[in-house]
Amino acid sequence: MAQTPPNHLQVPAYMAFFLVHGAQFGVGVLGFSRYIAEIAGYQSWLAVVIAGAANQLIIWMMFKTIKRTQQPDLYMVNKTLYGKWLGSIMTILFSLYFAILAVVVLRTYIEIVQVWIYIELATWSIALAFLLVAYYAIVKGFRVIAGLTFLFSFLPFLLTPTIAPVLEYAEWFHLYPVMSSTFLDILKASFILTLSFAGAELIFVYYPFLQDKDKAQQYAHLGSFATTIAYLVITFLTFIYYSAEQLKLTIWPTLSAWKIASFVFIERVEYIGIAMWLLVIFPNIILTIWASSRLLKLQFRITHRKTVFFVLILVFITTIQFTTRDEINMLNESINYIGPVFIFGFIPLLLIVSYIRRKKGGHSA
């Protein structure tokens with residue numbers, strides 16, 4: 001049975017805010033507005049609101065499931081509700097899902113570096129360097145991961161002044177009329193935001209490391225709410241800046257918008273942004289790899305160092321397999337199909353099964 005970590009290994013409840021927000025706010029920020037605009041046009045900002053609300057519901061479901069089953073984490077919840085074999089399969093599937101999330105974030109960021117800064121940079125070299133640093137952070141324990149997430153969550157605020165030049169070219173009429181797109185299109189666009197909002201489901205793994213669980217839930221909801229507000233601001237900024245045709249042709253609208261920002265002491269602000277984004281996505285990757293390796297550790301009862309090493313090799317090998325724009329685009333799109341299965345499929349199913357088990361008079365769930 002998974003043991004609850006001692007107090008000195010746990011983190012304060014307010015860290016749930018940064019852990020949720022830090023896991024969600026990553027590489028997807030740089031290009032999500034184009035994907036949702038392709039489906040629902042300028043009114044797709046409503047998709048951000050819907051996706052944000054759906055994530056709030058998912059967070060509530062995770063805390064509710066854990067409380068109902070009275071189990072400390074996803075591994076034990078799966079084992080309690082599905083039994084030994086099916087529960088083991090579910091745990092391994094979630095572990096693979098978190099590893100895939102790490103691959104998507106890492107490969108997408110490497111592509112941005114290769115396109116904007118170092119065209120000849122080998123994928124394996126930056127992936128290897130990044131994952132070696134990630135290994136060092138992960139083996140130091142969850143408190144170090146949480147601390148880095150807390151620290152790097154503030155970096156995007158330092159870039160806030162660089163969005164001011166965008167307002168000079170704002171075309172506010174792009175946002176009118178409201179509800180010119182169908183509700184079905186807006187709903188489809190909200191599914192495209194799966195990658196951008198992915199990360200809250202990690203709560204299921206690091207829940208035992210949170211102090212004062214009731215307060216932690218409140219902070220987790222606030223963290224996701226902060227992500228929604230940030231995405232709404234970015235969506236409005238890109239929509240008022242780009243015409244519909246420009247938006248279709250721009251792969252990373254948020255990043256491209258930085259090109260117009262120029263200061264006396266810095267001419268290419270986007271280079272600063274790309275460099276800082278390395279630290280912004282770092283929590284995304286170490287949290288997902290940590291969660292993936294911890295589930296394997298619990299499942300197979302081997303040391304965490306070994307499972308971390310295994311997951312890092314898996315992420316590295318998978319990352320370097322994607323070399324062309326089409327392949328990387330396919331990788332990003334695949335998570336939009338895989339993610340909803342886990343987030344909007346398996347997580348609600350766990351809660352439903354916990355209710356069914358109780359009605360049948362089974363476990364205390």
Between the side chain of [X] and the main-chain N/O of [Y], is any donor-acceptor distance below 3.5 Å?
X    : Y    : result
S354 : L351 : yes
Y109 : I274 : yes
Y242 : P253 : yes
S224 : H221 : no
T108 : V105 : no
S125 : L121 : no
T288 : N284 : yes

task: Give the C-alpha distance, both sets of side-chain angles, the deciding distance and a yes or no for side-chain contact (heavy atoms from CB on, under 4.5 Å) between R305 and Y135.
output: CA-CA 9 Å; R305 281 179 180 267; Y135 174 79; 3.7 Å; yes
Do the side chains of [X] and [Y] join up, straight or via other hydrophobic residues, at under 4.5 Å, putting them in one cluster?
X    : Y    : value
W290 : L9   : no
F154 : V29  : yes
V133 : L151 : yes

Is a side-chain donor-acceptor pair under 3.5 Å present for [Y] with [X]?
X    : Y    : value
Q299 : K79  : no
H21  : T227 : yes
T91  : N78  : yes
Q114 : T123 : yes
H304 : S293 : yes

Which heavy atom of [X] sits nearest a heavy atom of [Y], and at what distance?
X    : Y    : answer
V139 : Y136 : CG2-O, 3.4 Å
T228 : G52  : OG1-CA, 3.4 Å
A127 : T319 : CB-CG2, 4.4 Å

field: Test salt bridge (charged side-chain N to carboxylate O under 4.0 Å, His left out) applied to D326 - qualifying residues, sequence neighbours left out
entry: none
task: Apply side chain to side chain donor-acceptor pair (under 3.5 Å) to Y241 and Q246, showing your working.
output: CA-CA 9 Å; Y241 178 68; Q246 287 176 325; over 6 Å; no
task: Report yes or no: is the cationic atom of K215 (NZ for Lys, CZ for Arg) under 6.0 Å from the centre of the six-membered ring of Y14, at an angle within 45° of the ring normal?
output: no
Can you tell me how far the [atom1] atom of [X] sits from the [atom2] atom of [Y], to the nearest 0.5 Å?
X    : Y    : atom1 : atom2 : value
I100 : L314 : CD1   : CG    : 8.5 Å
N329 : F322 : CG    : CZ    : 11.5 Å
T80  : Q71  : OG1   : CD    : 3.5 Å
T65  : I203 : OG1   : CD1   : 11.5 Å
Q217 : L222 : CD    : CG    : 11.0 Å
F316 : T318 : CZ    : OG1   : 10.5 Å

- request: Compute the centroid of each ring, for F282 and then for F130, and state whether the two points are separated by less than 6.0 Å.
  value: yes
message: Ring centroids only, cut at 6.0 angstrom: are W45 and F239 within range, meaning strictly under it?
response: no
task: Can you spot which of Y231, F197, F191 makes a ring pair (Phe, Tyr, Trp, His ring centres under 6.0 Å) with F32?
output: Y231
query: For I36, which of L193, I186, D185, L46 qualifies under side chain to side chain contact (heavy atoms under 4.5 Å, CB included)?
result: L193
query: Can you check whether L349 reaches Y82 side chain to side chain, under 4.5 Å on heavy atoms?
result: yes
- request: Start with the C-alpha distance between T307 and F300, add both sets of side-chain angles, then the distance that settles side-chain contact (heavy atoms from CB on, under 4.5 Å), and finish with yes or no.
  value: CA-CA 9 Å; T307 56; F300 297 106; 6.0 Å; no
field: Whether F142 and F209 hold their rings parallel, tilted or perpendicular, with breakpoints at 30° and 60°
entry: tilted
- request: Report the relative orientation of the aromatic rings in F98 and F94; use parallel for angles under 30°, tilted for 30 to 60°, perpendicular for over 60°.
  value: tilted
- request: Just do the salt bridge (Lys or Arg N to Asp or Glu O under 4.0 Å) check on E111 and R107 with the steps written out, would you?
  value: CA-CA 6 Å; E111 184 195 22; R107 187 61 190 95; over 6 Å; no
